[in-house]
Amino acid sequence: MKASQIVPPLVLAVLFLAAWQVAAATGFLAETLGLDPLLVPSPSEIAAALYEDRAVLAENALVTLWEVLAGFAVALVIGVGAAVLLHLHEPLRRATYPLVVASQTIPVIVIAPILVVWFGYGIGPKLAVIALICFFPIAVNTLDGLRSVPVPLVEMMRTLDARRSRILVDVELPASLPYLFSGAKIAVAVAVIGAVFGEWVGASSGLGYLMLQDNAQLETARLFASVFLLSVIALVLFGTVALLERLSISWR
Amino acid sequence: MTAMVQADGVGRRFGGLEVLEGIDFGLDEGEVLSVIGPSGCGKSTLLGLIAGLDRPTTGTITVGGGTASDDRLARCAYMPQEDCLLPWFSALDNAALALRNQGRGRKVAREEAFPVFERLGLGGFEDAKPAELSGGMRQRVAFARTWLAGKSVLLLDEPLASLDGLTRRSMQAWLAPLLAGGERSAVLVTHDLDEALYLGDRVLVLSGRPGRVLGIREAPGRGEMDPVEASGSRAFSESRNELASLLESASPGDQIGGSQS
């Protein structure tokens, strides 16, 4: 990345944190909001909580990270699999596409408690929630990518004796990769939200679980520290997917 | 001599739009037939019909003495207007696509494809990606790919149309001896009269939509000279004038390109 890409967001972040620090430390923020100063931590207090409770935070962050990775992996396999299946079978695509779209209209926060009833308090319901929200962008984008191949390219392959499977592997799948990566980038970003929802309805560890505890105990500084770690996780995963994209699409 | 391609009364309609009507022609073994006509006259549609990618609404097409219902895809190699190279494969892998599709392993396919690849002046660019090649080289890779499919009939859809004038001249010069070798039959669609005369044994002139056969003319001294020299010869310019007036009779006002188009 170039300096011109890094400097502007960095300057903005520093300015924001500085303004927050001043507003919180002077009590201005709490007074304006009509809150107890205890409930409005400053960035330095959040940083202190981040450092002091690093062991607890790291332990729970790892739990959440693992859930996100596993849920994303499940969505990747099912999403790409479904896209290929629907692409190869036109009647099936027409019949099930509305259902795929419907899967995205289910409010995850509503379905999460049901999943806990079904799958218990283990990793199952979290995986299901994460996979459910990651599935849609991956499946829809991959399907679009598979269908993006120009007709003359497929006709050319057919006159060169290509069987259906060869056209899929040599032409359609590579052509869909950029689309798949776009979907995957959206998916990893929302996967973190899914993990928190999943933990809120039934968990004994994870950053979402810790946030619930801290919320009840008015540990607002550590609550913000968890939020900070969640966005770090999302950013790192997003960056990793973007890097993989650059490495695997070398022909552009 | 057996006809490699035989078209009898071929018509194609898309909905209410009549694109081709009553097309009759034969293509002999080893012969190159140039097809020329105003834009939108159904030249590409005709190639699709011969290739078996599409079915005629009326009439029949047979390839290689087969029946009309035969799978023509197996007998024709089709080179679309765009080079249609796969950007994720190297130049040599693109050229070897048909060999891979026919079941060879990657290494064997590359080895078999290499002599043709080299003969087309592409040696040294085996592992270059299509995006790294010039327009002329991409067309040559596309031609190598079509040639290596090993089919007896080549269907070339304006193979040089996307190139600038100079590059096109040199492409014509290397294409001519390959096509003149008599190993393969070819149908060459073009909008360039000079190219049609220089590369073809005969030239079929189509009318504007719906495309009908206006006439089929012999092309004098194809491929024997340099394309620039050829276009200056007397027989050549007589044929060109004859074809041009044939075209004009069908489509007044429609600009048909000569060498500068």
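Keep in mind that what you see is a predicted model, and the values were worked out from it rather than measured. Chain A is the first sequence line, chain B the second, and so forth, proteins listed ahead of strands; every chain is numbered from 1.
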### Message
How close do A:V63 and A:S205 get, counting heavy atoms only, and between which atoms?
### Response
CG1-OG, 3.5 Å
### Query
What is the minimum heavy-atom distance between B:A3 and B:D28, and which atoms define it?
CA-OD1, 4.4 Å
### Query
Would one find more than 12 heavy atoms of other residues, nucleotides or ligands at under 6.0 Å from atom CH2 of B:W174?
yes
### Message
For A:W118, give me all partners under ring-ring contact (aromatic ring centres under 6.0 Å, His included), at least two apart in sequence or on another chain.
### Response
none
### Task
Look at B:K151, B:K129, B:E132 and state which one has the largest set of heavy-atom pairs under 4.5 Å with chain A.
B:K151
## Note on the structure
Listed by number, the residues in residues 147-156 of chain A that come under 4.5 Å of chain B (heavy atom to heavy atom) are A:P152, A:L153, A:E155, A:M156
### Message
Here's a test for you: under side-chain contact (heavy atoms from CB on, under 4.5 Å), which of A:L229, A:V196, A:V227, A:L65 qualifies with A:L207?
### Response
A:L229
### Message
Does B:F25, at its CZ atom, have more than 12 non-hydrogen atoms belonging to other residues, nucleotides or ligands within less than 6.0 Å?
### Response
yes
### Task
For chain A, find which of B:Q81, B:R100, B:M79 contributes the most heavy-atom pairs closer than 4.5 angstrom.
B:R100
### Query
Is it the case that B:R12 places NZ or CZ above or below the six-membered ring of B:F14, under 6.0 angstrom from the centre and within 45 degrees of the axis?
yes
### Summary
Taken in chain and number order and not counting sequence neighbours, the residues that satisfy side chain to side chain donor-acceptor pair (under 3.5 Å) with A:R158 are none
### Message
Using only non-hydrogen atoms and a strict under-4.5 angstrom cutoff, which residues of residues 163-174 of chain A touch chain B?
### Response
A:R166, A:D170, A:V171, A:P174
### Query
Between A:V129 and A:A112, which heavy-atom pair has the shortest distance, and what is it?
CG2-CB, 4.0 Å
### Task
Answer yes or no: are there more than 12 heavy-atom neighbours, outside A:F228 itself, under 6.0 Å from its atom CZ?
no
#### Entry: Part of B:E82 lying under 4.5 Å from any heavy atom of chain A
side chain
### Query
With the threshold set at 4.0 Å, does a side-chain nitrogen-carboxylate oxygen contact exist between B:K43 and B:D157?
no
### Task
Below 4.5 Å from any heavy atom of chain A, which atoms of B:P80 appear? Answer side chain, backbone, both or neither.
side chain
